[in-house]
Structure formats: structure tokens, C-alpha cells
Amino acid sequence: MGLEHTLGDSFLATRLDALINWSRRNSLWPMPLGISCCAIELMAMADPRHDVSRFGSEVMRFTPRQCDLLIVAGTVNYKIAKVVRKIYDQMPDPKWVIAMGACASSGGMYRSYPVVQGIDQFLPVDVYVAGCPPRPDAVLKALLEIQKKIEMSRLEGKSIVKAERFPVPAKE
Amino acid sequence: MNDRILSKLAANFRDSILSSTEFRGELTIVVKPENIVPICKFLRDDPELQFDLLIDVHGIDMLRSELDRSSEIYSHDDDLDLLLPPGQTEQPAERFQVVYNVWSLKNKARLRLKVLLSESNLHVPSVTTVWPGANWPERETFDMFGIIFDGHPDLRRIYMPEEFEYYPLRKDFPLMGIPGSLTLPKGESSKEKSEK
């Protein structure tokens with residue numbers, strides 16, 4: 001109100017975390033961790049038909065150090081779980097995780113000894129995508145969910161507090 | 001062709017052949033484990049046979065349990081001796097089998113060699129000296145069944161982590177594995193978060 005009125009059109013007053021969240025959510029850089037067939041649908045997400053760049057996430061980097069969104073696309077067995085965790089640990093904070101498809105979310109049809117029954121056993125997952133494999137639109141929807149989640153996050157000092165978009169009700 | 005293979009083998013390795021069966025044109029020969037390498041070498045080098053391609057090596061666990069009703073379901077007339085009364089389990093003398101599928105490019109002929117192994121002695125000579133392509137299939141059989149291939153150049157686990165202690169394709173291994181035998185990386189996870 002007052003500040004913009006005084007300083008003219010070239011100034012904009014807002015909250016700092018609103019500005020940071022706005023820039024963060026519109027330029028998520030995904031780390032495409034395609035470890036089985038879901039990777040094909042993940043690639044289709046970036047094609048001209050679905051065009052993930054409409055939402056600012058077309059810059060897929062194959063190094064975790066430049067990414068803030070981990071998309072785990074495929075079956076995770078115990079042997080590769082260590083690699084997935086290492087990639088997650090190498091990503092700079094703040095970071096978000098999408099469990100893409102039935103296998104990453106719950107083990108899927110592989111209910112057997114080598115497959116981790118859901119990557120949430122060793123990673124903090126933000127959004128789960130159903131499907132075997134999910135359509136690219138479903139992954140875009142997950143991306144939008146992440147964006148909404150970022151929009152609701154707030155800054156406390158220098159650290160970011162992630163918001164739960166659908167908070168789990170406390171046990172009574 | 002099958003008769004020719006069998007007669008040639010019988011002429012050279014009469015004492016090593018335990019039995020042979022033919023089912024729908026597929027010849028299976030059960031041989032003694034200690035002679036598998038000379039037999040394979042003969043099959044490969046014989047100018048008439050020329051079994052030059054090893055398709056696969058794999059293992060079979062013949063362990064039977066009280067719940068095993070396969071013999072009742074799949075019994076044929078000539079397999080009646082396999083039928084067990086319910087509740088009674090008779091274990092086969094040799095629990096494990098190693099199967100070699102070979103293919104002759106020249107004759108377009110297939111042959112299946114079998115070796116029977118008892119649980120107390122799970123050693124069989126490696127055929128990597130005959131067909132180098134046996135390297136990985138033998139590692140897989142070792143990984144899944146615990147069968148030791150003597151003379152193998154690099155007998156390590158191929159699928160499971162090297163520190164894993166069990167053999168997953170054995171019949172007495174539970175489908176969901178043994179809890180605690182495979183570890184997950186440490187760090188923050190959704191599970192811990194929801195427990196807080």
C-alpha cells in the first residue's frame with residue numbers, strides 16, 4: 001500500500017518467503033532417476049505433446065547436484081536402494097521427492113525378497129503417483145502438487161519448513 | 001539325430017551316463033558330475049556333433065514338502081511312481097540338479113545334460129574351460145542355489161549383494177526373504193516421519 005505508493009511503479013512489496021517460493025516452484029529441476037519401464041513415461045512427459053516446460057521443469061539434469069526434485073521412476077531393489085539414497089543425499093536442500101508408479105510407491109507387483117516395498121522406507125517421499133506405469137499427465141499432476149506444496153512452505157530463519165498439503169490428522 | 005548323439009556318447013562315456021530320456025523329441029542325459037567337463041568337451045569338439053553353443057546353465061531344487069501336491073496335479077500314467085500319499089514326504093536322494101542346455105549350430109540340434117547333486121556335496125566342475133559363456137550362468141546358479149562350480153575363474157554372487165548369506169531360489173527360502181538379511185540405507189524417511 002503505502003510503500004508502493006511512495007516509491008512508484010518500479011517497486012513491489014511482498015513477503016520474502018512468498019517471493020522465494022514463487023521462484024522455486026516455477027523452476028523445479030528434476031533429477032530423472034529412471035530405473036525401469038516408468039522411465040519411458042517420464043521421457044514422454046518432456047515431449048512436445050505433454051511439454052513439461054509449461055510448468056518450468058524441462059531442465060532435467062543428470063547430476064543430482066544441480067537438481068531439487070528427485071523423480072524415482074521404477075522398481076527399487078535392495079541393491080540399488082543405496083544408490084538412490086546416495087543420489088538423494090547429494091542433492092542440495094531444499095529438495096522434493098516423487099515416487100513414480102506402483103513399484104516405487106509400494107513395491108508394486110514385485111512382492112518378493114529383493115524389492116523394497118516402497119521407497120518411503122528409506123526416503124522422505126512428498127508425492128506418490130499411482131499407475132503401472134503412470135501416464136505422463138499423472139506425473140505432471142504430481143509436479144503441480146509439489147508446486148502447491150512449495151507455495152505453502154515458509155521460511156524460519158534461514159531454513160525452509162516444508163508444508164504438508166494434506167496433513168495427517170493427529171491421533172486422538 | 002538324438003539316437004546318434006546318444007550312441008556316440010555311450011561309445012565314449014559308457015560309465016558316466018546314468019540315464020537318458022526323450023520327451024517330445026527333446027533328449028535329456030543324466031551324467032556323473034565328475035565327468036561333465038570331458039563330456040562337454042567331446043560334444044563340442046566332435047566333428048559330427050559340434051555342440052558349440054551353451055544356451056544356459058541353471059539349477060533345480062527338488063526339495064519336497066507336505067504341501068507339495070505337484071505330483072498329484074501333474075501325474076501322468078507313466079509317472080505314477082512319483083505319486084506320494086498325502087502328508088508323507090519322501091525326499092529325493094539328490095536334492096539339487098544342474099542343467100546344461102546346449103545347441104549345435106551345424107545340426108540345429110538341442111541337448112540337455114543333467115547332473116544330480118546331493119545336499120552334502122554341492123560341487124561340480126565348471127565348464128567355463130569348454131564354453132567361456134558359462135561364466136555368468138554358473139555365477140547365477142551359485143547365487144541362487146549355492147552350487148559351487150570348481151575351477152570357475154570368478155565365482156561371486158551376480159544378483160544379490162555379496163554379503164548376502166542365503167540362496168533365494170532354494171525351496172526352503174521364504175518368498176519375502178529373511179528379515180534383516182538385506183539392509184536399507186540410513187537417513188530420514190517418510191516412515192520415521194509418520195512415527196514421530
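Quick note on labels: first sequence line is chain A, next is B, and so on, each numbered from 1.
Looking at Val116(A), the atoms closer than 4.5 Å to chain B (heavy atoms on both sides) all sit in the side chain, from C-beta outward. In this structure, no portion of Tyr110(A) lies under 4.5 Å from any heavy atom of chain B. For chain A, the nearby part of Phe173(B) is the side chain; its heavy atoms alone come within less than 4.5 Å.
Atom CE of Met109(A) has 12 or fewer neighbouring heavy atoms from other residues, nucleotides or ligands inside a 6.0 Å radius. No more than 12 heavy-atom neighbours from other residues, nucleotides or ligands sit within 6.0 angstrom of CZ on Arg65(A).
Closest heavy-atom contact between Ala81(A) and Pro185(B): O-CG, 3.5 Å.
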If you apply the rule side chain to side chain contact (heavy atoms under 4.5 Å, CB included), what do you find for Lys82(A) with Thr183(B), and how did you get there?
CA-CA 9 Å; Lys82(A) 295 175 179 68; Thr183(B) 53; 3.9 Å; yes
One pair to check against side chain to side chain contact (heavy atoms under 4.5 Å, CB included): Met160(B) and Tyr113(A). What are the steps and the verdict?
CA-CA 10 Å; Met160(B) 302 305 289; Tyr113(A) 63 94; 3.8 Å; yes
Any chance you could lay out the side chain to side chain contact (heavy atoms under 4.5 Å, CB included) test for Met176(B) and Arg111(A), step after step, and finish with the verdict?
CA-CA 7 Å; Met176(B) 288 309 290; Arg111(A) 183 152 177 77; 3.6 Å; yes
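A single hydrophobic cluster is not seen to contain both Trp136(B) and Leu53(B); linkage of ILVMFWY side chains at heavy-atom distances under 4.5 Å, directly or through other members, places them apart. No chain of hydrophobic side-chain contacts below 4.5 Å, direct or via other Ile, Leu, Val, Met, Phe, Trp or Tyr residues, connects Trp103(B) to Leu43(B). Residue Val115(A) is not grouped with residue Tyr128(A) when hydrophobic side chains (ILVMFWY) are merged at heavy-atom distances under 4.5 angstrom, including chains of intermediate members. Tracing side-chain contacts under 4.5 Å through hydrophobic residues (I, L, V, M, F, W, Y), one reaches Val139(A) starting from Leu144(A); they form part of the same cluster.
Note that the CG atom of Leu123(A) and the CG atom of Leu184(B) stand 10.0 Å from one another [nearest 0.5 Å].
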